[in-house]
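So that the names make sense, note that chain A is the first sequence line, chain B the second, and so on, each numbered from 1.
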Amino acid sequence: MKSVVDILNDRISAAMVRVTGRQDCAAIVRSATDPRFGDYQANGVMALAKQIKTNPRKLAEEVVAQLDLSDICEPPEVAGPGFINLRLRPEYVARELLRITSDKDRLGMEKGSEPQTIVVDFSSPNVAKQMHVGHLRSTIIGDCIWRLLEFQGHTVVRQNHIGDWGTQFGMLIRYMYQGAKVSHMHGATTVFSVVDLSDMEEFYREAKRLFDADPQFAEESRRYVVKLQSGDRTALDDWRLICDTSLSECQTIYDRLGVQLTRDDVRGESFYNDKLPTVVADLKKAGLATESNGAVCVFPPGFKTKEGEPLPFIIQKSDGAYLYATTDLAALRYRVNVLQAGRIVYVTDARQIQHFQMLFKVAEMAGWNQRDGKAVGLVHVTFGSVLGEDGRPLKTRSGENVKLKDLLDEAVERARAVVQEKNPDLPPEQKAKIAEAVGVGAVKYADYSNNRTSDYVFSYDKMLAMDGNTAPYMQYAYARVKSIERKAESRGVSIQDDLRDLQNLDLSEPTELDLGKHLVRYAEAIESAAADYRPNYLTSYLYELAQKFSAFYTECPVLDAPPDKRPTRLLLCDLTARTIKHGLSQLLGIQVVEQM
RNA sequence: GCGUCCGUAGCUCAAUUGGAUAGAGCCUCGGUCUUCGGAACCGAUGGUUGGGGGUUCGAGUCCCUCCGGACGCACCA
């Protein structure tokens, strides 16, 4: 079953073909810009009229004459310079609502006809540092993207490309021996316990301080890097311990954020260590890599340095070490050839845009984006910065990065205060649960509801506000529907019984029809969010849904409705609740609560 | 200096990629109110989309040019 837009697009395009005899006719059906124009509008006729140099309005009339949409819409109207306005018939909306309501898991969303294997690369924190606000967006936007893509029917492979290799690890390992008051430079097994590393941040800071201050420490650190790279057992064991400890801290954050990354998704920089020489060798062999000032470089066309010289994509430093670029190339090959990706989506901040443009270009030059003669889609999904109230990147008062844990704690604490104020009689453990759902949800929702490409100002007050496009507003709308269900139960009304034999809906109240029409369009919202990797399309949809529900709820009694109206209204409530729950929890990873 | 992105109501943000009279929320003002949960609903005020020019049936969106901002520009990731 296709979505309404798809059907309308198909039929109107076909009518355009019949009228003009041209093959490439796009109807361009969009949501109407104003409810007075109907529910949808087709804009394609005007563009077509321009191409074939005819009167757009007249062409629109001819297309409408060739059009039969009577099973879906009221008679289409031509307006303005050549818009075709479409209004859904209540009978059609009713039919769709019945169909969607019986579609328990997918709520009317059809799986795509061309499923791909898609690799989504996101989160990617650095080992040995606590996750901070700079990791928030990649982590949650990436999580939402894979959920959207998977729901569309794709096979999605998550990749957490953590920073777990390089000079800093020599430094950390060297520091481990110093921190543990044990002389243990050449033992066979490590004596360090996880407890020793519990405060990774402090550990890292101290190691860095010594590295910068003490030449001997630095020199010994470098020796550990060499040991690591040559596969020394002890060094590797200790390195693994650092990674494990650090990752389990990350995992706590992921779990709390409702982000479904696990250890299985971790494939960090270290994983590609042994594949780096081949990358360089192959690019040399292909004649793409050349030596310049002692470094091995590829010069993709179209990039310039400050001085106007060709800008290199450096894959091996003059001292022989490999870089970020090399690892990314190795990862790209692995994803194409081993993971069999048909598309790779990288979720990183916008500052890396040039790096990825160069990476994609080099991959293309080497033909590494090809498999079985088909080009693998390479997509860089970027996002802006999280700013403080002062408009500068969000920092603590002392100028450090805000730890994700502290940020979430603060949000939850504020949510707890609100719950306490509004609903003091709930059992404490329930209040705690609500506060966690609302606080964490608010942080995530605020991020998702902004256009990801722009910077946004982080404000606890705004994200926890009850009014407006916020998590608490959505969660409250959900709790209200659930409250009706509870009330129904206590009155002995069985919703399932009411809905079971429902054949026709009565959508005669304007707020009923308005809500119904919106419910029918859930799949559309998901498709557009997935197509552009933009969660804010989904939050907008959900917000409108909650608003339309609130209007309906104010206007139309449900349990006290006349017997012939009640089943329709129960269905609207039920489907609203399921849609909000699905959108929030399945696609955005934000918890809903039955009461708040 | 070059490149990329951005500038939308007093504030925080939208605008489905060239569609109709640029929408929300906060703020301010007014209304609904002993409710199936008022953490609600309805309405009003508020705009030369940074300035100027251009492209066309139509521009916040595309092009040019100023002004202002963020980021990036050879061995960090």
Looking at [X] and [Y], would you say the former's side chain and the latter's main chain have a donor-acceptor pair under 3.5 Å?
X	Y	answer
A:S385	A:L387	no
A:D319	A:A321	yes
A:S3	A:A523	no
A:S483	A:A479	no
A:Y541	A:H518	yes
A:S540	A:Y537	no
A:R57	A:G80	yes
A:K431	A:P424	yes
A:T139	A:S123	no
A:D455	A:V386	no

Notebook entry, point to check: Tell me, which of residues 523-533 of chain A have any heavy atom that sits under 4.0 Å from an atom in RNA chain B?
Noted result: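 Of all residues in residues 523-533 of chain A, the ones placing a heavy atom under 4.0 Å from RNA chain B are A:S528, A:D532.
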Notebook entry, point to check: Which residues within residues 469-478 of chain A lie with some heavy atom under 4.0 Å of an atom in RNA chain B?
Noted result: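 Here the set is A:Y473, A:Y476.
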Checklist line | Pairwise side-chain contact, A:Q357 with A:F303, heavy-atom cut-off 4.5 Å (strictly under) | finding: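 Result yes, sub-4.5 Å side-chain heavy-atom pair found.
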Item checked: A:Q316 and A:T326, any side-chain heavy atoms less than 4.5 Å apart -> no
Classify the nucleic acid contact of [X] as base, sugar-phosphate or nothing, counting any heavy atom under 4.0 Å across all strands shown.
X	result
A:P56	nothing
A:V457	sugar-phosphate
A:R534	base
A:V296	nothing

Spacing of [X] atom [atom1] relative to [N] atom [atom2], expressed in whole Å:
X	N	atom1	atom2	result
A:K129	B:rC76	NZ	C1'	10 Å
A:M463	B:rC13	CE	P	11 Å
A:E544	B:rG25	CD	P	11 Å
A:Q547	B:rG25	CD	P	6 Å
A:K431	B:rA39	NZ	P	16 Å
A:K548	B:rG23	NZ	P	15 Å
A:H355	B:rC75	NE2	P	14 Å
A:Y448	B:rU12	OH	C1'	21 Å

Check: Are A:H161 and A:Y346 near enough that their ring centres are under 6.0 Å apart?
Finding: no
Notebook entry, point to check: Can the ring centres of A:F458 and A:Y460 be said to be less than 6.0 Å apart?
Noted result: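 Close enough - the centres of the two rings lie under 6.0 Å apart.
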Is there a side-chain polar atom (N or O) of [X] under 4.0 Å from OP1 or OP2 of [N]?
X	N	value
A:K487	B:rG37	yes
A:S540	B:rC13	no
A:N536	B:rA15	yes
A:N451	B:rA15	yes
A:K462	B:rC11	no

Check: If you measure only the distance, is there a donor-acceptor pair under 3.5 Å linking the side chains of A:Y40 and A:E524?
Finding: yes
Notebook entry, point to check: Do A:Q591 and A:Q475 get their side chains close enough for a donor-acceptor pair, meaning under 3.5 Å?
Noted result: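 No pair is found: no donor N or O on one side chain lies under 3.5 Å from an acceptor on the other.
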Item checked: Straight-line distance of A:R36 CZ to A:N85 CG, nearest 0.5 Å ->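 Reported to 0.5 Å precision, the distance equals 10.5 Å.
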Could you go through nucleotides 20-22 of chain B and list every protein N or O atom that sits under 3.5 Å from one of its N or O atoms, giving the distance for each pair?
unit_1, atom_1, unit_2, atom_2, d
B:rA20, N7, A:T33, OG1, 3.3
B:rA20, N7, A:Q41, OE1, 3.1
B:rA20, N6, A:Q41, OE1, 3.2
B:rA20, N6, A:N85, OD1, 2.3
B:rA20, N6, A:N85, ND2, 3.3
B:rA20, N1, A:N85, ND2, 3.2
B:rU21, N3, A:R36, NH2, 3.1
B:rU21, O4, A:R36, NH1, 3.3
B:rU21, O4, A:R36, NH2, 3.2

Checklist line | Set of salt bridge (Lys or Arg N to Asp or Glu O under 4.0 Å) partners for A:D461, sequence neighbours left out | finding: A:R414
Distances under 3.5 Å only, N/O to N/O: pair up the protein atoms with those of nucleotides 70-74 of chain B.
unit_1, atom_1, unit_2, atom_2, d
B:rC73, O2', A:K304, O, 3.4
B:rA74, N6, A:S292, OG, 2.1

Choosing from [options], which nucleotide comes nearest the side chain of [X]?
X	options	result
A:A551	B:rA15, B:rC42, B:rC57	B:rC42
A:M46	B:rA24, B:rG19, B:rC36	B:rG19
A:S454	B:rC41, B:rC13, B:rU16	B:rC13

Note to self: Among A:K565, A:R569, A:R566, which residue satisfies the salt bridge (charged side-chain N to carboxylate O under 4.0 Å, His left out) criterion with A:D506?
What the structure shows: A:K565
Check: More 5' along RNA chain B: A:E269 or A:K422, using each one's nearest nucleotide?
Finding: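 Its nearest nucleotide lies further toward 5', so the answer is A:K422.
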Margin query: Between A:Y553 and A:L387, which residue's closest nucleotide on RNA chain B lies nearer the 5′ terminus?
Written below: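 The residue closer to the strand's 5' end, by nearest nucleotide, is A:L387.
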Determine the interatomic distance between [atom1] on [N] and the same-named atom on [M]; round to the nearest Å.
N	M	atom1	answer
B:rG30	B:rU65	C1'	47 Å
B:rU48	B:rA22	C1'	13 Å
B:rA44	B:rG50	P	26 Å
B:rG7	B:rG60	P	13 Å
B:rC73	B:rU28	C1'	47 Å
B:rA15	B:rU61	P	15 Å
B:rG69	B:rU56	C1'	32 Å
B:rC26	B:rG43	P	13 Å

Notebook entry, point to check: Name the stems that RNA chain B belongs to, where each is three or more consecutive Watson-Crick or G-U pairs with both distances under 3.5 Å?
Noted result: B:1-7 with B:67-73, B:10-13 with B:23-26, B:28-32 with B:40-44, B:50-54 with B:62-66
